[in-house]
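Here the structure comes first, spelled out in structure tokens, and everything after it is commentary.
Labels below follow one simple rule: chain letters A, B, ... track the order of the sequence lines, proteins then strands, and each chain is numbered from 1.
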Amino acid sequence: MANLTLVQAVRDALYTEMKNDSRVVLLGEDVGLNGGVFRATEGLQKEFGEKRVLDTPLAESGIIGAAVGMAVNGLRPVPEIQFLDFIYPAFDQIVSEVAKIRYRSGGGFTCPMVIRSPSGGGIRGGHYHSQSSEAYFAHTPGLKVVIPSNPYDAKGLLISSMRCDDPVLFLEPKKIYRSVKGEVPEDSYTVELGKAQVVREGKDVTVICWGALVWECLKAAELCAPRGAECEVIDLRTLVPLDEETILESVRKTGRVVVVQEAPRTCGFGAEVSALIAEEAVLSLEAPIVRVAGLDTPFPYTLEHVYMPDAERVALAVGKVMNF
Amino acid sequence: MANLTLVQAVRDALYTEMKNDSRVVLLGEDVGLNGGVFRATEGLQKEFGEKRVLDTPLAESGIIGAAVGMAVNGLRPVPEIQFLDFIYPAFDQIVSEVAKIRYRSGGGFTCPMVIRSPSGGGIRGGHYHSQSSEAYFAHTPGLKVVIPSNPYDAKGLLISSMRCDDPVLFLEPKKIYRSVKGEVPEDSYTVELGKAQVVREGKDVTVICWGALVWECLKAAELCAPRGAECEVIDLRTLVPLDEETILESVRKTGRVVVVQEAPRTCGFGAEVSALIAEEAVLSLEAPIVRVAGLDTPFPYTLEHVYMPDAERVALAVGKVMNF
Amino acid sequence: MQLNVQGKENQPMTKTNRGVLREDCFRVLSEDNIADPKVEPRLSETQLLKMYENMVQSRVLDDRGMMLQRQGRIGFYVPAFGQEAITTGTAAALKPSDWVFPSYREPGLFLYRGVNVLEMICNLIGNRGDICQGRQMPNHYSFAKQRLFSISSPISTQVIQAVGASMATQIKGETDVAATYFGDGGTSENDFHTGLTFAGAYKTPTVFVCTNNQYAISVPVHKQTGAKRIADKAIGYGMPGVAVDGNDVLAVYVTMEEAVKRARAGEGPTLIECLTLRMGPHSSSDDPTRYRDPEQYEAWKKRDPILRFKQYLVGKGYWSEEQEEELQAEAKDRVLEAVEQAETMEPPAIESLFEDVYAEKTPQLRRQEKALQEERDLRGKFENTSEAFPL
Amino acid sequence: MQLNVQGKENQPMTKTNRGVLREDCFRVLSEDNIADPKVEPRLSETQLLKMYENMVQSRVLDDRGMMLQRQGRIGFYVPAFGQEAITTGTAAALKPSDWVFPSYREPGLFLYRGVNVLEMICNLIGNRGDICQGRQMPNHYSFAKQRLFSISSPISTQVIQAVGASMATQIKGETDVAATYFGDGGTSENDFHTGLTFAGAYKTPTVFVCTNNQYAISVPVHKQTGAKRIADKAIGYGMPGVAVDGNDVLAVYVTMEEAVKRARAGEGPTLIECLTLRMGPHSSSDDPTRYRDPEQYEAWKKRDPILRFKQYLVGKGYWSEEQEEELQAEAKDRVLEAVEQAETMEPPAIESLFEDVYAEKTPQLRRQEKALQEERDLRGKFENTSEAFPL
Ligand SMILES: Cc1ncc(C[n+]2csc(CCOP(=O)(O)OP(=O)(O)O)c2C)c(N)n1
Ligand SMILES: Cc1ncc(C[n+]2csc(CCOP(=O)(O)OP(=O)(O)O)c2C)c(N)n1
Ligand SMILES: [Mg+2]
Ligand SMILES: [Mg+2]
């Protein structure tokens, strides 16, 4: 057991699986000599050489497109997109190619890769270093979408992702890269994809969240308990495939739901969660399904802390569904 | 009044507004001499010259990026993306630039443009000539998203879009480009953005749809009426900004909802509609909100007609919410 | 460094030289089809005939494909008329273990690498015999056994993918080369640029084959780019670029052979511009008379790569009219038999819709599959209401 | 056609020539700062001094910007140390009505075109005085009045936008030129390619200024591309490309002046490679010692563009130490006063979050604004829990 930050756990997962599987190669901007701008690949080029940790030219479409060719030719590429906001030049490769290769080739070709990228706000990154665009990818069949909220899950989910035969978008909530620490086993282990986790049990309200906001929701639960609302907080961990059972079971118990996302409200992944519940558990509902979400605006700089959902905003929403 | 197909109405709108506003320029692949692969720009280069109707190199990011520069420099570009499936190379320009320029410049620069693109299945186009990816754009603040279902709306909404000071993604349901005809006034007129239309009134079930599927939903309503279910069919016409009032008013009346989309189910725009209702009208609901949607798979070729929602599938869903 | 393969000094791509072959293109055959002994490749009679037969088979397949589409027996077709020398000449210079990342206009590649006609026809129909279960449009082939990568419609995405495959061979210490194919229009797309950028930066064993058929649907190449020649685009990536007469299979072979040798020897990538003219419509839904330049078309008609190669073979005494008739008949029968057999096959099962999205079906897909099966049982059939494909 | 501006024959970009200036770069000043009379521009003393003062102001602003960031008074900063000759030399060759599509490392451009320091400091702080209402990170300026287009972080998106602006001037029959700026790393991105492709195809009045400071964060340019020189990338698009000593403001001016003249005369676009070295960190969050080549750094330190230009001016008798002291003091005071004034300003109102998303607020935004106002009234304040920006 070591006490690691989330970003250290990511590095540990990469190191562990690269030792275990020689097909795993890393590529991306500044991931080599510089160890990644967040240091997620610190020292890995030194350890595994320039053939397995590649600094690439500045072109995301090139990074993902090259990873496709590598995957098709037997490797297990783990491309890093320096910030999720910069994944869009590669959107065509991801949506038209990565996600569809197995299907369109009748399984003749497969494209296993883990696209790692720091996502979300909370570091004063403004428009282009803050976005949470998981919904674009969740709406793209053929991709899996994973986002850990703590170091233990980060290592276990990332190793599972690298062993997965499907392409995985692995989002790393950069706000808690360093601020969240936890015990992480030194050796290799996996956390199963597609399984949510109830991180706090409660009988009154189901609070559904993922990534960095899990911590805000836990704080919110603390605020609400004395006010007489016991929150059950669910950390989705995997958005695709979604663990519907864990969600529905909790909703059937509580009858009240708050869905929390950082992304702009309209058509975010929270909408899918609400729609699922409205379709599968409507009879259990004792109150409207309330979404706490980012604003339908670009992500701001100075007022970031006003824009982003936090514990108090979640607590207010919990109050709303309780007093409905 | 002329009796036009939907694609003729699109051409008519372009012609009409180009006559009216010399700032309007068209650009795209094969839009000039060839008149567009669907003939939506037939004869316009001959009419307005090569300076106002530009054949571009084969690069969507170039088409949209160039349109940004044109818009910033005082023109009203109307770029055509030959198929919506080919918009992804331009995704970065649309999401990072077009959608954010007004905001990030404090209104110093604006980016009015209408991105026209044929969307949806129904022409045996397989993976890459069939997709309905409106949800990606509906989740992108700064963009408006419009999709007509008939020739009259096509002309009126397109002229409104060209006069709008915001960037608009104008989707043209290609399945009904030629199969749907209707009366279209010869002169200029507008249909207001942001207003849905109740295309059939009914007291029992609210059926919410857009684009080509409006016609399947109307057929479904015909199928259901004799079975004792009066459907109220709402054609959204504009997805962003969404006409929430028209939706909620209908739901409060019927208490039963079927949301119909062509796109893959998970995180499609239908999820936003369900989530809205689950948040704003939950007390009115007498049944689960049922979504009829495309499968969470890439779009197939041979089995396209099995993949795509049709009248019978919608009718089955209506039956489900009626007998709940 | 430059290839030995060289033509005369550059000639710009303008409307003015639309008839004749650009001076700077490397050629083996003269306009009256005499081979230049200084550059004529030393190929055995069997090898030469194999190439010729492949070109003819490709042409015959295209003829039939267009006919099937006109008869409504398939939904769509993309012919490669006039480009047979490019697909065959390049394929002949590759090893079976080399990787190929094609575009949609290279049927000759598939035939040369041993894909049988039946497999291709099944793809055109999209039936149960189709390896891809009728999921993609016609001509979007995928043959893993022959290392022919799955074709997708978005232009030029395969270019950087081929470079990635080459990077993998470098990483694994193997010697396979990756060849990728794209058109003149394809050079404007993002992934032409990322592909050549990565290839130049890592010196990958990749050969970039650009079929400059002078049109991207209706857009002529001189409106596509300001470059004098497509081959010149190589310079900006630090690799050699060479132009070749795309209607001269011997010139194409010689050029490809040298580029492949360089790649295999670790000397890096090459861009080959094969200059030709698209002699058919862009696809079965295109009407080239709206934009085609008749004068240019007639000029290139005289340069038919199959006729030119035939004359060369006849001159060598390797080929006769009797053999020609026999070959044409065989090639046609092969296709007709395949069509007949393919048309007896069922469409894919609706269950196939849910396979191969992921390695294992997700709970969501299992639920959607069950729902669709129930719906089928309820309604019986699914009516086909699709409109015809306009492009 | 080629520019008159020419250096000696090409020299590859390799680790080996990382110290000295590449032979092929056009220069006016020798290494010991003697101007070559054959190419020395005829600029008035006032003009020369205006350029010098601008370079110094830019340097002083960067010094203070980094200091403010270290002191935690601003969140982030991107310095342009060593690149002052490029921003000033190019700006001096443009008209006020010309369009500029910059990247994030050209403060000298803004100063030269008349943006006042206070407006820039307000952007760095992101306060109410910021034209952009603190919506973007520091250094992401936008000044419509001076036709300085809004800077965004995604690399090279501005390149094709500048071409679009040029296409609009062509369409409107105007004579303005568009200049766009990007780095060596930026040449690998999609929109460098689409930008130069469109510019070449339409022969637009655009000047592409590439600041080759030899690094993209930690990645050296010889790993960024296989090209011998960035300037060579122009050939593949059918436009002239020229390399210039980016630490020689006179050489930059002469080159830009000629490219702008060509563009305005309708002769089409030009790619200018300004060779320099990034002398600061990539940004306030970067640690260049992890990857920087000390030998290369020391070699370029001697080539400081401000010192070199100063020697030239002193040699001409246009400049003295007294003037220097005065200028340094003024430049510093200008910044300090601006900072003092800017720091008294409030942060933007939370209502500003909802403005400028659309021309008019949508019903959804009105509802979200109302909800946020109600929340503010309920909870009083919004606590700032942001982490520091790591890059
Ligand atoms: C990204 C993208 N944009 C547009 C299209 C539509 N389209 C299909 S083929 C084609 C022209 C391709 O021209 P070229 O690259 O020269 O190849 P050719 O068809 O001549 O073989 C276009 C525009 C597409 N398939 N993908
Ligand atoms: C699309 C995109 N990918 C990655 C980044 C992160 N990033 C910011 S600056 C930079 C390096 C740019 O290098 P160069 O173009 O040479 O400009 P310089 O910083 O040297 O001025 C990178 C990778 C980004 N901003 N945008
Ligand atoms: Mg072509
Ligand atoms: Mg640089």
Below 4.5 Å from any heavy atom of chain C, which atoms of [X] appear? Answer side chain, backbone, both or neither.
X: A/Lys100; value: neither
X: A/Asp166; value: side chain
X: A/Ala67; value: neither
X: A/Thr56; value: both

### Query
Do we see a donor-acceptor contact under 3.5 Å between the side chains of A/Glu97 and C/Ser152?
yes
#### Entry: Between C/Asn190 and A/Ser61: side-chain donor-acceptor atoms closer than 3.5 Å
no
### Message
Only pairs of heavy atoms separated by less than 4.5 Å count here; which of A/Asp243, A/Val25, A/Ile63 has the most with chain C?
### Response
A/Ile63
### Task
Could you tell me which of A/Leu27, A/Leu242, A/Val240 has the largest number of non-hydrogen atom pairs under 4.5 Å with chain C?
A/Leu242
### Task
Check A/Asp165 against C/Ala359 and note the closest heavy-atom contact, atom names and distance.
CB-CB, 3.9 Å
Between [options], which has the largest tally of heavy atom pairs under 4.5 Å with chain A?
options: C/Ala165, C/Ser142, C/Ala201; answer: C/Ala165
options: C/Asp130, C/Asp356, C/Thr362; answer: C/Asp356
options: C/Gln364, C/Gln133, C/Glu174, C/Met167; answer: C/Gln364
options: C/Leu365, C/Thr157, C/Val163; answer: C/Thr157
options: C/Val159, C/Thr204, C/Leu353; answer: C/Leu353
options: C/Pro363, C/Ser352, C/Pro154, C/Gly195; answer: C/Pro154

#### Entry: Over 12 foreign heavy atoms within 6.0 Å of CD, A/Glu249
no
### Task
Verify the neighbour count for atom CD of C/Glu360: are there more than 12 heavy atoms of other residues, nucleotides or ligands below 6.0 Å?
no
Could you tell me the separation between the [atom1] atom of [X] and the [atom2] atom of [Y], rounded to the nearest 0.5 Å?
X: A/Ser105; Y: C/Phe149; atom1: OG; atom2: CZ; answer: 7.0 Å
X: A/Ile64; Y: C/Ile160; atom1: CD1; atom2: CD1; answer: 10.5 Å
X: C/Tyr202; Y: A/Leu54; atom1: OH; atom2: CG; answer: 5.0 Å

### Query
Measuring heavy-atom distances to chain A, does C/Lys172 have an atom under 4.5 Å in its side chain, in its backbone, in both, or in neither?
side chain
### Query
Heavy-atom distance under 4.5 Å to chain A: side chain of C/Thr169, backbone, both or neither?
both
### Task
For the residue pair A/Met70 and C/Ile171, establish whether any side-chain heavy-atom pair is separated by less than 4.5 Å.
yes
### Task
Go through the steps to decide whether C/Thr194 and A/Gln93 satisfy the test side chain to side chain contact (heavy atoms under 4.5 Å, CB included), and finish with yes or no.
CA-CA 12 Å; C/Thr194 61; A/Gln93 280 289 342; over 6 Å; no
### Task
Decide side chain to side chain contact (heavy atoms under 4.5 Å, CB included) for C/Gln161 and A/Val72; before the verdict, give the C-alpha distance in whole Å, the side-chain angles of both, and the deciding distance to 0.1 Å.
CA-CA 9 Å; C/Gln161 292 166 354; A/Val72 163; over 6 Å; no
### Sidechain-backbone polar pair: A/Arg104 side chain, C/Cys132 backbone, donor-acceptor under 3.5 Å
no
### Message
So does A/Leu143 get a backbone contact from the side chain of C/Tyr358, meaning a donor-acceptor N/O pair under 3.5 Å?
### Response
yes
### Task
Is it possible for you to check whether C/Arg135 lies under 6.0 Å from the centre of the six-membered ring of A/Tyr103, through NZ or CZ, and within 45° of that ring's axis?
yes
